[in-house]
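Since the model is a prediction, treat every value here as computed from it, not as a measurement. Whatever order the structure lists them in is the order used to number ligands and atoms, beginning at 1. Only heavy atoms go into these numbers, but all of them, side chains included; no hydrogens, no water, no symmetry mates.
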Amino acid sequence: MADVQEVQVDDRVQLRKPHPCGSDIWVVYRIGADIGLRCSACQRRVLLTRREFNKRAKRLLRGAL
Ligand SMILES: [Zn+2]
């Protein structure tokens, strides 16, 4: 379970549901009122509210991969 309070830019996060491109690993590129995530495979960017992020994030992969 990822805790949004602990997330830092450049952390990798595994989401519960994979992106249509097949990857479920996203890289945090922005932290503010919203959390910015970039898909590690197709580079697509999304913004999630902190609440959505907490709901969708499965695991924080700091320093892994
Ligand atoms: Zn993708």
Side-chain angles (χ1 to χ4, degrees):
M1 189 65 180
D3 182 351
V4 67
Q5 303 297 340
E6 292 179 11
V7 173
Q8 298 169 9
V9 169
D10 288 335
D11 278 347
R12 288 175 181 80
V13 174
Q14 185 177 24
L15 297 189
R16 295 184 184 284
K17 221 168 81 171
H19 199 227
C21 77
S23 173
D24 60 357
I25 306 297
W26 296 71
V27 181
V28 178
Y29 73 87
R30 173 197 141 135
I31 295 175
D34 294 324
I35 307 295
L37 298 177
R38 189 178 65 239
C39 178
S40 66
C42 69
Q43 311 301 315
R44 182 171 179 145
R45 291 174 180 223
V46 299
L47 280 174
L48 299 179
T49 65
R50 286 172 177 262
R51 192 159 157 271
E52 284 171 332
F53 179 87
N54 276 331
K55 239 166 43 182
R56 291 169 63 172
K58 185 170 168 191
R59 200 146 75 98
L60 185 59
L61 307 169
R62 180 166 301 149
L65 303 182

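- Shown here are the protein N/O/S atoms lying under 2.8 Å from the Zn ion (ligand 1), water excluded: H19 ND1, C21 SG, C39 SG, C42 SG.
- In terms of heavy-atom proximity, R12 sits nearest to V27 at CG-CG2, 4.1 Å.
- Between Y29 and L47 there is a side-chain heavy-atom pair separated by less than 4.5 Å.
- Considering only heavy atoms from C-beta on, R45 comes within 4.5 Å of R38 through its side chain.
- Side-chain contact between C21 and R44 is absent, with no heavy atoms from C-beta onward closer than 4.5 Å.
- The side-chain heavy atoms of L60 and Q8, taken from C-beta on, include no pair separated by under 4.5 Å.
- Residues D11 and E6 form no side-chain contact, since every pair of their non-hydrogen atoms from C-beta on lies 4.5 Å or further apart.
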